Amino acid sequence: MQTVVLAAGEGTRMRPLTASRPKPMLPVGDRPLVAHTVDAAVDAGASRLVIVVGYEADAVREFFGDSYRDVPVTFAVQAEQRGTADAVRVAATELDDGPFVVLNGDALYDLPSLRRLYESGPAVGSYRVDDPASYGVLVTEDEETEGARGEVRVTGVIEKPAEPPSNLVNTGAYHFPGEAQAWLDVGESERGELELTDVLERTCGAFDVAGVPFDRWLDVGRPWELIEATEWKLGELSPRVEGDVADDAVLEGPVVVEAGARVRSGVVVEGPALIRDGASVGPNAYVRGATVVGEEAKVGHAVEVKNAVLMEEATVGHLSYVGDSVLGRDVNFGAGTTVANLRHDGADVTLTVKGERVSTGRRKLGVIVGDGAKTGINVSLNTGVVLSEGARVGPGEVVTRDR
Ligand code: G1P
């Protein structure tokens, strides 16, 4: 099945993590986010991939090249991010006139469900959420008529509705009939975009469109969702030790130590954890939860890292605690930098996304730190703090606001 993967977006809600890389190229475990989408597509039956690129397009192109796992890849360039229908319109020049699958390149899809989407006729992936208002919400026939495997017939879709007609949302995975290629020229929506959901709406008018329920789905749009994506993908790790691990280091659960990584004396790692090529952990460090220590990253003496992503070359050198956080490339935490990841009132941690304070739905969340940011010694960082790329925090500071 020919498959279009949407990977042109900048990911403004992901800032500062997307300051120097497009959202699809953010690392999730051992590969970029979009590679997980593409891997699932290949395993589910993609025979040809058209990847739509735009923001920082070269990074995506270089990663995939002209074939990926023996599946031919072409790229379509969406110069201006005008919406998902426009992205597929750009890709359509690379498609034959048969049916096609479209996938959001910034979402994780579980494989069995994605396979069902590929194998069915016209369909859209659906997922039940508590708060559907920020998604496309599916209008379905009475749930009493549910067919096999919980599929429902979808009769329409409403983008970001104030009063959602159901809590079944559009996962951004679509199986379109070839005819839909003629319908890609849609008008602007209320939010000023050319929406693929308008194409879906039209498809629902002309075809029976199945809502294929996904068992697991994650839209990776906001910084803490990168932690959630990492939790998901590290949960699939098979343990493997290729690097240099000291005899007295303790590795428990699924831990991968890549070739070129070093785990020194006195270290305890409770998986799932991924310690990448060139990384160094310890001596006497404690790594737990779903943690990635990126390429050339360093976790030094008496440092505890829990459920966190340290991107390449990030350094937490001495006497620090980092929990439920993301540290961008080349971040440096001074000795004694401590991250708070739990509020005293036990409420969900909030974070500012595009100027708006929002609940993350997480009781535990530490900090999001852009590339190259540095803290001095003995810095305290409060829950939900965001440090921009290149930010500086002086010695002894207590940081409760974004910087
Ligand atoms: C897009 C779709 C929306 C869908 C969402 C899933 O929204 O338009 O229907 O529910 O992806 O992530 P966007 O991310 O462009 O706001």
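In this text the structure is predicted, and so the values were computed from the model without any measurement. Every number for a ligand or one of its atoms is a count from 1 in the order of the listing.
Under the 3.5 Å distance criterion, with hydrogens and angles disregarded, a donor-acceptor pair is assigned to the side chains of T350 and R357. A donor-acceptor contact closer than 3.5 angstrom is absent between the side chains of T171 and Y135. Side-chain contact annotation: Y127 with N170, donor-acceptor N/O pair under 3.5 Å absent.
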Under 3.5 Å, side-chain donor or acceptor atoms of residues 308-316 against the rest of the protein: list the pairs with distances, not counting sequence neighbours.
{"from": "E312", "atom 1": "OE2", "to": "R329", "atom 2": "NE", "distance (Å)": "2.9"}
{"from": "E312", "atom 1": "OE2", "to": "R329", "atom 2": "NH2", "distance (Å)": "3.4"}

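For residues 269-320, no pair satisfies ring pair (Phe, Tyr, Trp, His ring centres under 6.0 Å), with sequence neighbours left out.
Partners of E296 according to the salt bridge (charged side-chain N to carboxylate O under 4.0 Å, His left out) rule, which considers only residues two or more places apart in sequence or in another chain, do not exist here.
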List of N/O pairs, ligand 1 versus protein, all under 3.5 Å?
{"from": "ligand 1", "atom 1": "7 (O)", "to": "K160", "atom 2": "NZ", "distance (Å)": "3.3"}
{"from": "ligand 1", "atom 1": "8 (O)", "to": "E159", "atom 2": "OE1", "distance (Å)": "3.2"}
{"from": "ligand 1", "atom 1": "8 (O)", "to": "E159", "atom 2": "OE2", "distance (Å)": "2.9"}
{"from": "ligand 1", "atom 1": "9 (O)", "to": "G136", "atom 2": "N", "distance (Å)": "3.1"}
{"from": "ligand 1", "atom 1": "9 (O)", "to": "E159", "atom 2": "OE1", "distance (Å)": "3.0"}
{"from": "ligand 1", "atom 1": "9 (O)", "to": "E159", "atom 2": "OE2", "distance (Å)": "3.2"}
{"from": "ligand 1", "atom 1": "9 (O)", "to": "N170", "atom 2": "ND2", "distance (Å)": "2.8"}
{"from": "ligand 1", "atom 1": "10 (O)", "to": "G136", "atom 2": "N", "distance (Å)": "2.9"}
{"from": "ligand 1", "atom 1": "10 (O)", "to": "N170", "atom 2": "O", "distance (Å)": "2.7"}
{"from": "ligand 1", "atom 1": "11 (O)", "to": "N104", "atom 2": "ND2", "distance (Å)": "3.3"}
{"from": "ligand 1", "atom 1": "12 (O)", "to": "D219", "atom 2": "OD1", "distance (Å)": "3.3"}
{"from": "ligand 1", "atom 1": "12 (O)", "to": "D219", "atom 2": "OD2", "distance (Å)": "3.4"}
{"from": "ligand 1", "atom 1": "15 (O)", "to": "R191", "atom 2": "NH2", "distance (Å)": "3.2"}
{"from": "ligand 1", "atom 1": "16 (O)", "to": "K160", "atom 2": "NZ", "distance (Å)": "2.7"}
{"from": "ligand 1", "atom 1": "16 (O)", "to": "R191", "atom 2": "NH1", "distance (Å)": "3.0"}

